[in-house]
Amino acid sequence: MPAINFPPLPDLKLDAQNAKLLKLIIAIDGHSSCGKSTLAKGMAKALHYAYLDTGAMYRAVTLYFLNNGIDYDNPAAVEEALPHIDIHFERIDGQNHTFLNGKDVEREIREMRVSEHVSPVSAISAVRRAMVSQQKALGGRRGIVADGRDIGTVVFPDADLKIFLTADVDVRTSRRHLELAAKGIDADWDEIRQNLEARDHIDSNRADSPLRRADDAVVIDNTLLSEEQQLEKALELVPRIA
Ligand code: DC
(Lines give C-alpha, C1' and ligand atoms only; values in the text may rest on other atoms or scores of the structure.)
Protein backbone atom coordinates (compact mmCIF):
# COMPACT_ATOMS: atom_id res chain seq x y z
CA MET A 1 0.00 0.00 0.00
CA PRO A 2 1.33 3.45 -0.84
CA ALA A 3 2.11 5.62 2.16
CA ILE A 4 -0.49 8.26 2.79
CA ASN A 5 0.96 11.71 3.15
CA PHE A 6 -1.25 13.80 5.33
CA PRO A 7 -1.06 17.54 4.74
CA PRO A 8 0.63 19.40 7.59
CA LEU A 9 -1.73 20.31 10.41
CA PRO A 10 -2.93 23.89 10.37
CA ASP A 11 -1.41 26.08 13.07
CA LEU A 12 -3.78 24.91 15.77
CA LYS A 13 -4.25 27.32 18.65
CA LEU A 14 -4.80 25.29 21.78
CA ASP A 15 -7.08 26.86 24.31
CA ALA A 16 -9.54 25.61 26.89
CA GLN A 17 -12.12 25.08 24.13
CA ASN A 18 -10.19 22.80 21.81
CA ALA A 19 -8.13 21.16 24.60
CA LYS A 20 -11.10 18.90 25.11
CA LEU A 21 -10.67 17.54 21.60
CA LEU A 22 -6.94 17.00 22.00
CA LYS A 23 -7.28 14.97 25.19
CA LEU A 24 -4.14 16.00 26.96
CA ILE A 25 -2.63 14.50 30.09
CA ILE A 26 -2.05 17.08 32.81
CA ALA A 27 0.06 16.16 35.85
CA ILE A 28 -0.06 18.13 39.11
CA ASP A 29 2.39 17.33 41.91
CA GLY A 30 3.33 19.12 45.09
CA HIS A 31 3.42 19.22 48.85
CA SER A 32 0.61 18.10 51.13
CA SER A 33 -2.48 20.33 51.30
CA CYS A 34 -1.25 22.98 48.90
CA GLY A 35 -4.42 22.94 46.80
CA LYS A 36 -3.50 20.28 44.23
CA SER A 37 -6.93 18.68 44.22
CA THR A 38 -8.73 22.04 44.07
CA LEU A 39 -6.63 23.02 41.06
CA ALA A 40 -6.94 19.60 39.41
CA LYS A 41 -10.73 19.58 39.82
CA GLY A 42 -10.97 23.15 38.49
CA MET A 43 -8.86 22.33 35.42
CA ALA A 44 -10.77 19.09 34.77
CA LYS A 45 -14.06 20.99 34.89
CA ALA A 46 -12.83 23.80 32.61
CA LEU A 47 -11.37 21.38 30.05
CA HIS A 48 -14.11 18.72 30.34
CA TYR A 49 -11.52 16.15 31.42
CA ALA A 50 -11.61 13.34 33.98
CA TYR A 51 -10.02 13.99 37.37
CA LEU A 52 -7.81 11.36 39.01
CA ASP A 53 -7.10 11.79 42.74
CA THR A 54 -4.15 9.45 43.29
CA GLY A 55 -3.78 10.47 46.95
CA ALA A 56 -7.27 9.05 47.57
CA MET A 57 -6.01 5.67 46.34
CA TYR A 58 -3.12 5.61 48.86
CA ARG A 59 -5.56 6.77 51.54
CA ALA A 60 -7.98 3.93 50.70
CA VAL A 61 -5.17 1.35 50.93
CA THR A 62 -4.19 2.82 54.31
CA LEU A 63 -7.79 2.64 55.53
CA TYR A 64 -7.97 -1.02 54.47
CA PHE A 65 -4.78 -1.83 56.41
CA LEU A 66 -6.04 -0.02 59.52
CA ASN A 67 -9.53 -1.53 59.45
CA ASN A 68 -8.23 -5.05 58.87
CA GLY A 69 -5.37 -4.95 61.37
CA ILE A 70 -2.73 -5.43 58.65
CA ASP A 71 0.79 -4.80 59.95
CA TYR A 72 2.12 -2.78 57.03
CA ASP A 73 5.70 -3.15 58.30
CA ASN A 74 5.40 -6.83 57.40
CA PRO A 75 6.02 -7.20 53.62
CA ALA A 76 4.34 -10.63 53.48
CA ALA A 77 1.17 -9.26 55.11
CA VAL A 78 1.11 -6.37 52.61
CA GLU A 79 1.55 -8.68 49.59
CA GLU A 80 -1.20 -10.93 50.96
CA ALA A 81 -3.60 -8.01 51.46
CA LEU A 82 -3.12 -6.06 48.21
CA PRO A 83 -5.15 -8.39 45.92
CA HIS A 84 -8.12 -7.97 48.28
CA ILE A 85 -8.23 -4.20 47.79
CA ASP A 86 -10.50 -2.85 45.09
CA ILE A 87 -10.63 0.92 44.62
CA HIS A 88 -12.87 2.79 42.24
CA PHE A 89 -14.31 6.29 41.87
CA GLU A 90 -17.89 7.42 41.30
CA ARG A 91 -19.39 10.85 40.66
CA ILE A 92 -22.12 11.59 43.20
CA ASP A 93 -23.90 14.95 43.02
CA GLY A 94 -21.02 16.30 40.94
CA GLN A 95 -18.40 15.22 43.52
CA ASN A 96 -15.72 12.53 43.22
CA HIS A 97 -16.30 9.71 45.73
CA THR A 98 -13.73 7.03 46.51
CA PHE A 99 -15.00 3.48 46.98
CA LEU A 100 -13.08 0.77 48.83
CA ASN A 101 -14.38 -2.74 48.16
CA GLY A 102 -17.78 -1.34 47.19
CA LYS A 103 -18.14 1.04 50.16
CA ASP A 104 -18.08 4.83 49.89
CA VAL A 105 -15.11 5.87 52.07
CA GLU A 106 -14.73 9.44 50.82
CA ARG A 107 -15.15 10.96 54.27
CA GLU A 108 -13.24 8.33 56.25
CA ILE A 109 -10.09 8.53 54.12
CA ARG A 110 -9.72 12.26 54.95
CA GLU A 111 -9.67 11.71 58.71
CA MET A 112 -6.51 12.29 60.74
CA ARG A 113 -6.32 8.57 61.60
CA VAL A 114 -5.65 7.88 57.92
CA SER A 115 -3.47 10.99 57.38
CA GLU A 116 -1.19 9.81 60.19
CA HIS A 117 -0.41 6.50 58.46
CA VAL A 118 -0.71 7.28 54.75
CA SER A 119 2.89 8.43 54.17
CA PRO A 120 4.58 5.29 55.55
CA VAL A 121 2.03 3.15 53.67
CA SER A 122 2.64 4.99 50.40
CA ALA A 123 6.40 4.55 50.82
CA ILE A 124 5.99 0.75 50.42
CA SER A 125 7.13 -0.30 46.94
CA ALA A 126 4.54 -3.09 46.59
CA VAL A 127 1.76 -0.58 47.33
CA ARG A 128 3.18 1.91 44.82
CA ARG A 129 3.54 -0.72 42.10
CA ALA A 130 -0.12 -1.72 42.52
CA MET A 131 -1.41 1.87 42.48
CA VAL A 132 0.82 3.15 39.66
CA SER A 133 -0.23 0.36 37.30
CA GLN A 134 -3.92 1.20 37.86
CA GLN A 135 -3.20 4.92 37.41
CA LYS A 136 -1.32 4.34 34.14
CA ALA A 137 -4.25 2.28 32.85
CA LEU A 138 -6.68 5.10 33.67
CA GLY A 139 -4.40 7.59 31.88
CA GLY A 140 -4.56 5.44 28.75
CA ARG A 141 -7.94 7.06 28.08
CA ARG A 142 -6.26 10.51 28.05
CA GLY A 143 -8.18 13.73 28.63
CA ILE A 144 -7.20 13.52 32.28
CA VAL A 145 -5.93 15.75 35.09
CA ALA A 146 -4.16 13.74 37.80
CA ASP A 147 -2.73 15.01 41.07
CA GLY A 148 -0.31 13.41 43.51
CA ARG A 149 3.39 13.23 44.31
CA ASP A 150 4.89 11.24 41.42
CA ILE A 151 2.56 12.01 38.53
CA GLY A 152 4.99 14.01 36.38
CA THR A 153 7.98 11.86 37.33
CA VAL A 154 6.66 8.27 37.34
CA VAL A 155 2.96 7.83 36.49
CA PHE A 156 2.81 10.09 33.42
CA PRO A 157 6.41 11.12 32.61
CA ASP A 158 5.22 12.10 29.12
CA ALA A 159 2.37 14.32 30.38
CA ASP A 160 1.63 17.28 28.10
CA LEU A 161 1.66 19.75 30.99
CA LYS A 162 3.30 19.29 34.40
CA ILE A 163 2.64 21.64 37.28
CA PHE A 164 4.46 21.59 40.62
CA LEU A 165 2.42 23.36 43.30
CA THR A 166 3.73 24.69 46.56
CA ALA A 167 2.70 27.13 49.33
CA ASP A 168 3.80 28.35 52.76
CA VAL A 169 3.24 25.67 55.44
CA ASP A 170 1.17 27.92 57.79
CA VAL A 171 -1.13 28.88 54.94
CA ARG A 172 -1.49 25.20 54.00
CA THR A 173 -2.30 24.31 57.63
CA SER A 174 -5.02 26.94 57.83
CA ARG A 175 -6.56 25.84 54.54
CA ARG A 176 -6.55 22.20 55.67
CA HIS A 177 -8.08 23.16 59.02
CA LEU A 178 -10.91 24.99 57.25
CA GLU A 179 -11.42 22.16 54.77
CA LEU A 180 -11.73 19.57 57.56
CA ALA A 181 -14.04 21.84 59.58
CA ALA A 182 -16.28 22.23 56.52
CA LYS A 183 -16.56 18.44 56.43
CA GLY A 184 -17.43 18.38 60.13
CA ILE A 185 -14.04 16.90 61.06
CA ASP A 186 -12.62 18.59 64.15
CA ALA A 187 -8.80 18.64 64.17
CA ASP A 188 -6.22 20.60 66.13
CA TRP A 189 -4.27 23.26 64.12
CA ASP A 190 -0.86 22.26 65.56
CA GLU A 191 -1.58 18.59 64.96
CA ILE A 192 -2.44 19.33 61.31
CA ARG A 193 0.77 21.38 60.87
CA GLN A 194 2.91 18.62 62.35
CA ASN A 195 1.20 16.07 60.12
CA LEU A 196 1.81 18.17 56.97
CA GLU A 197 5.49 18.62 57.80
CA ALA A 198 5.94 14.95 58.66
CA ARG A 199 4.23 13.86 55.42
CA ASP A 200 6.27 16.28 53.29
CA HIS A 201 9.41 14.88 54.89
CA ILE A 202 8.52 11.22 54.36
CA ASP A 203 7.09 11.83 50.85
CA SER A 204 10.22 13.74 49.75
CA ASN A 205 12.76 11.37 51.28
CA ARG A 206 11.39 7.89 50.59
CA ALA A 207 13.52 5.61 48.42
CA ASP A 208 10.79 4.74 45.90
CA SER A 209 9.62 7.62 43.66
CA PRO A 210 10.02 10.48 46.17
CA LEU A 211 8.15 13.74 45.68
CA ARG A 212 10.25 15.97 43.46
CA ARG A 213 9.63 18.52 40.77
CA ALA A 214 9.97 17.02 37.29
CA ASP A 215 12.61 18.91 35.29
CA ASP A 216 9.95 20.09 32.85
CA ALA A 217 7.33 21.06 35.46
CA VAL A 218 6.16 24.64 35.88
CA VAL A 219 6.23 25.78 39.53
CA ILE A 220 3.25 27.65 40.93
CA ASP A 221 3.53 29.02 44.48
CA ASN A 222 -0.05 29.75 45.50
CA THR A 223 0.65 31.20 48.99
CA LEU A 224 -0.82 34.54 47.94
CA LEU A 225 -3.19 33.31 45.25
CA SER A 226 -6.91 32.68 45.55
CA GLU A 227 -8.40 29.48 44.08
CA GLU A 228 -9.61 31.46 41.07
CA GLN A 229 -6.21 33.09 40.52
CA GLN A 230 -4.32 29.79 40.61
CA LEU A 231 -6.82 28.22 38.20
CA GLU A 232 -6.45 31.15 35.81
CA LYS A 233 -2.64 30.91 35.99
CA ALA A 234 -2.70 27.16 35.31
CA LEU A 235 -5.15 27.43 32.41
CA GLU A 236 -2.90 30.08 30.88
CA LEU A 237 -0.24 27.37 30.59
CA VAL A 238 -2.50 25.12 28.49
CA PRO A 239 -2.10 26.98 25.15
CA ARG A 240 1.70 26.83 25.49
CA ILE A 241 1.74 23.06 25.20
CA ALA A 242 0.28 22.78 21.72
O1 DC B 1 -2.76 14.12 48.18
P2 DC B 1 -3.04 13.48 49.55
O3 DC B 1 -2.61 14.36 50.70
O4 DC B 1 -4.43 13.00 49.71
O5 DC B 1 -2.08 12.20 49.57
C6 DC B 1 -1.99 11.37 50.71
C7 DC B 1 -0.64 10.71 50.78
O8 DC B 1 -0.50 9.77 49.72
C9 DC B 1 0.56 11.62 50.67
O10 DC B 1 1.04 12.01 51.95
C11 DC B 1 1.60 10.82 49.94
C12 DC B 1 0.83 9.76 49.22
N13 DC B 1 0.79 9.92 47.76
C14 DC B 1 1.83 9.38 47.05
O15 DC B 1 2.78 8.87 47.63
N16 DC B 1 1.82 9.43 45.70
C17 DC B 1 0.80 10.00 45.04
N18 DC B 1 0.80 10.02 43.71
C19 DC B 1 -0.28 10.58 45.76
C20 DC B 1 -0.23 10.53 47.13
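Each ligand, and each atom within it, is numbered from 1 in the order the structure gives.
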[X] and [Y]: side-chain donor and acceptor closer than 3.5 Å?
X: Tyr51; Y: Asp147; value: yes
X: Asp221; Y: Thr166; value: no
X: Ser115; Y: Asn195; value: no

Would you please determine whether Arg206 falls within less than 4.0 Å of ligand 1 on a heavy-atom basis?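 Distance cut 4.0 Å: Arg206 passes for ligand 1.
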With a 4.0 Å cut-off on N to O distance, would you call [X] and [Y] a salt bridge?
X: Asp150; Y: Arg128; result: yes
X: Glu108; Y: Lys103; result: yes
X: Asp29; Y: Arg213; result: no

Going by the order shown, which atoms of ligand 1 are within less than 4.0 Å of some heavy atom of [X]?
X: Gly148; answer: 17 (C), 18 (N), 19 (C)
X: Tyr58; answer: 8 (O), 13 (N), 14 (C), 16 (N), 17 (C), 18 (N), 19 (C), 20 (C)
X: Ser119; answer: 10 (O)

Atom of Arg175, atom of Cys34 and distance for their closest heavy-atom approach: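 Minimum heavy-atom contact is NH1-O, 4.0 Å.
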Minimum-distance protein heavy atom relative to [atom]:
atom: atom 3 (O) of ligand 1; value: Arg199 NH1, 2.9 Å
atom: atom 11 (C) of ligand 1; value: Asp203 OD2, 3.3 Å
atom: atom 12 (C) of ligand 1; value: Ser122 OG, 3.3 Å
atom: atom 4 (O) of ligand 1; value: Arg59 NE, 2.7 Å
atom: atom 16 (N) of ligand 1; value: Arg128 NH2, 3.1 Å

Residue portion contacting ligand 1 (non-hydrogen atoms closer than 4.0 Å) for [X]:
X: Met131; value: neither
X: Met57; value: neither
X: Arg149; value: both

Polar contacts were defined as any N/O atom of the residue lying under 3.5 Å from an N/O atom of the ligand; does this apply to Thr54 and ligand 1?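 Among all N and O atoms of Thr54, at least one is under 3.5 Å from an N or O of ligand 1.
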Taking the six-membered ring for Trp, is the centroid-to-centroid distance between His117 and Tyr58 below 6.0 Å?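 Aromatic pair excluded; centres sit 6.0 Å or further apart.
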Name of the residue among Asn222, Thr223, Asp200 meeting side-chain hydrogen bond (donor to acceptor under 3.5 Å, both in side chains) with Arg172: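 The side-chain hydrogen bond (donor to acceptor under 3.5 Å, both in side chains) with Arg172 is passed solely by Asp200 among Asn222, Thr223, Asp200.
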Given Asp150, Val114, Asp29, which one has a non-hydrogen atom that is nearest to atom 18 (N) of ligand 1?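 Checking each option, the heavy atom nearest atom 18 (N) of ligand 1 is found in Asp150.
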